Amino acid sequence: MNHSLFNTIEEAEGFVKSKFGDGESYDVGLKRGHIWSMPTLFFYMNGLIDSTILTQILTLTQGNVSQGKNASTFDEAEAMNTYFPYFSVTIYDSKDAWISAVLGGQLGIVTLSGYTYTVDVRSYAGRQPEEPDNEKVIRGSRDGFTENIIMNTSLIRRRIRDVDLRFELTQISERGKTDIAIGFIKGLANEGHINYLRERLKKIKHDGLTMTDKSLEEWLFKQKFHPVPFVRYTERADTCAAHLLEGHIAIIVDTSPSVILVPTTIFHHLQHAEEHRQAPLIGTFVRLMRFAGFSLSLMLLPFWYLLATEAQHLPKFLKFIGPKELGEVPLFLQLFIADIGLEYLRLAAIHTPTPLSTAMGLVAAIVIGQIAIDVGLFIPEVVLYTAVSSILTFALPSYELSVAAKLFRNVVLFATVAFGTNGFFIALLFTFMYLVSIKPMGVPYLWPLVPFFPKALARIIVRFPSSNGALRPFITHSPHRKRS
């Protein structure tokens, strides 16, 4: 039941000043005006609202003082509907909720009778939709998510014009009060998964999620020190829409250009929109190349070291892959230094201004690599195989998984150095067992490989035609698995 929160406008003004200080923040707007002949207090945040619309509202409301309506016969509901018919108007029965809405960019209004409203005239600063750098395609849409949650939901709804598409908005954190929307298609998404996310969001008690979606992932799934990603991030609206139609759930965080998709498996991190922009046969070929690249990025470097140091296992027709000379520096140390050096090159490229990054990469790759060979620090084969391993890692569409692959590769390499052939296979086995043991949201991370679902695995390996009539993935536990 809505009720008056303040006795007078002066009390409301004093309340706002007690919260924000009297003139202590330049972006806090507090003005008195009129709606018809009724005195009104306007409260807003500069920079979060559309200043043009605000000026129009203030001008129109001030200009109607002479219309002859008096406070005794004044109908607030009529006034709000008359002056704000094209905006979302909300009345509040909580001062804290009203303040939070204003902090989110809405225009706060306190009437003469002490009722509090907000009018949605938000206009967040930000860039326009553009193609994400991390998920480029040769053919396809070029509009990606931005840092504006309202724009992001609109990009999704433009692609899914379904009355069952839902975006549940909530706020989390004590001070940051970050807006988060849970997106799903009612009837396709599993209610158990949705309720799990709702409960997890309610339990988050923190000052603020300044790192937005990544911080949220750690809170939702208690990731701790697991190296692999538990969710899939995407900056493409078409990718997000495709997952929603499969029964997945999207989590949209304000100020983040990435959308979280759950539940997911490791195979979701190995797929890319480009596969669906090509013919099914070409898409299958690209997908197989990517799967092979992930496996080779884990095993190529330690396997080559194993063959190079235990030449008795190397067939004669493969003798050319072994080093012709080992050099002065131990081979495992050469591999370690080269791999770490490439990682530093990647970090340097991230922090180097774009016009200089290309030149820096060429200089480092050609000059430093050649000099390292000439002075005897590296043998040529070390530079070759570490470079190939890095290229295979960069071919993975998921940045988070590519970093995890580097970690696993080093673990397998160290085990191979320490224990030879046995260490190589045992490390691979432990890596496999670790991936099998992970079950974010109760979903096996290696599904449908473990547990084994042959038909589902075939659909992951092969990019079937869209008209083939595929079922929705079993892991989503969708109530309607058949796609119509």
Side-chain angles (χ1 to χ4, degrees), residues 1-126 148-150 169-171 173-179 254:
M1 183 69 180
N2 297 317
H3 59 275
S4 174
L5 296 182
F6 302 102
N7 295 319
T8 63
I9 288 181
E10 288 75 15
E11 179 186 341
E13 187 174 4
F15 171 76
V16 172
K17 289 181 178 179
S18 69
K19 291 290 186 180
F20 294 90
D22 188 358
E24 294 180 12
S25 296
Y26 77 93
D27 62 334
V28 177
L30 197 61
K31 295 182 181 295
R32 292 198 188 192
H34 292 82
I35 295 180
W36 283 346
S37 60
M38 181 181 64
T40 308
L41 181 69
F42 296 97
F43 171 38
Y44 55 91
M45 296 290 146
N46 280 313
L48 298 183
I49 65 173
D50 191 318
S51 58
T52 303
I53 295 178
L54 175 63
T55 301
Q56 292 174 353
I57 290 174
L58 293 178
T59 302
L60 291 174
T61 55
Q62 294 288 336
N64 281 277
V65 179
S66 61
Q67 287 191 0
K69 299 205 180 264
N70 55 64
S72 61
T73 61
F74 190 79
D75 187 336
E76 283 188 13
E78 178 189 354
M80 298 303 290
N81 290 329
T82 299
Y83 277 101
F84 311 107
Y86 307 112
F87 306 101
S88 175
V89 179
T90 307
I91 187 171
Y92 291 84
D93 54 13
S94 167
K95 294 179 181 179
D96 290 337
W98 181 63
I99 289 289
S100 296
V102 174
L103 286 170
Q106 302 194 53
L107 172 64
I109 297 177
V110 182
T111 61
L112 183 63
S113 56
Y115 285 90
T116 55
Y117 300 86
T118 59
V119 180
D120 195 346
V121 291
R122 285 177 285 191
S123 179
Y124 296 151
N148 189 324
I149 188 173
I150 298 176
L169 187 65
T170 185
Q171 283 188 341
S173 74
E174 301 299 323
R175 295 182 180 274
K177 298 187 184 302
T178 305
D179 288 328
D254 194 24

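For clarity, every value in this text was computed on a predicted model and none was experimentally measured. Computed over heavy atoms, backbone and side chain alike; hydrogens, waters and symmetry mates excluded.
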Output the distance between atom CG (L169) and atom CD1 (I149), rounded to the nearest 0.5 Å. 5.5 Å

Where T178 and D254 come nearest, the two heavy atoms and their spacing: CG2-O, 4.2 Å

Test item: V16 and V110 side chains (from C-beta on) under 4.5 Å apart, heavy atoms: no

Mind checking what makes salt bridge (Lys or Arg N to Asp or Glu O under 4.0 Å) contact with E11, not counting sequence neighbours? none

To the nearest 0.5 Å, how far apart are OG1 in T116 and CD1 in I99? 9.5 Å

When the aromatic ring centroids of F15 and F43 are compared, is their separation below 6.0 Å? no

Where at least one partner belongs to residues 110-123, residue pairs that pass salt bridge (Lys or Arg N to Asp or Glu O under 4.0 Å), sequence neighbours excluded: D120-R122

Taking the side chain as every heavy atom from C-beta outward, state whether Y26 and N46 have any pair of such atoms under 4.5 Å apart. no

Suppose the criterion is salt bridge (Lys or Arg N to Asp or Glu O under 4.0 Å): which pairs have a residue in residues 41-59, not counting sequence neighbours? none

Can you see which heavy atom on L48 is nearest to which on G104, and at what distance? CD1-C, 4.5 Å

side-chain hydrogen bond (donor to acceptor under 3.5 Å, both in side chains) partners for T111, two or more places apart: E76, S113

Using the side-chain hydrogen bond (donor to acceptor under 3.5 Å, both in side chains) criterion, which residues pair with D179? Sequence neighbours excluded. Q171

My understanding is that only residues two or more places apart in sequence, or in another chain, count here; which of them pass ring-ring contact (aromatic ring centres under 6.0 Å, His included) with Y44? none

Sub-4.5 Å side-chain heavy-atom contact between F42 and V119: no

Could you grab the distance from atom CG of L107 to atom OG1 of T118, nearest 0.5 Å is fine? 8.5 Å

Working to the nearest 0.5 Å, report the span between OG1 of T90 and CD1 of I109. 11.0 Å

Nearest-0.5 Å distance that lies between atom CD in E13 and atom CG in D22: 8.0 Å

Is there a donor-acceptor contact under 3.5 Å from the side chain of W98 to the main chain of D93? no

If you look at every heavy atom in A101 and Y92, which pair is closest and at what distance? CB-OH, 3.2 Å

Restricting to non-hydrogen atoms, name the atom on P39 and the atom on I9 that form the minimum distance, rounded to 0.1 Å. O-CD1, 3.2 Å

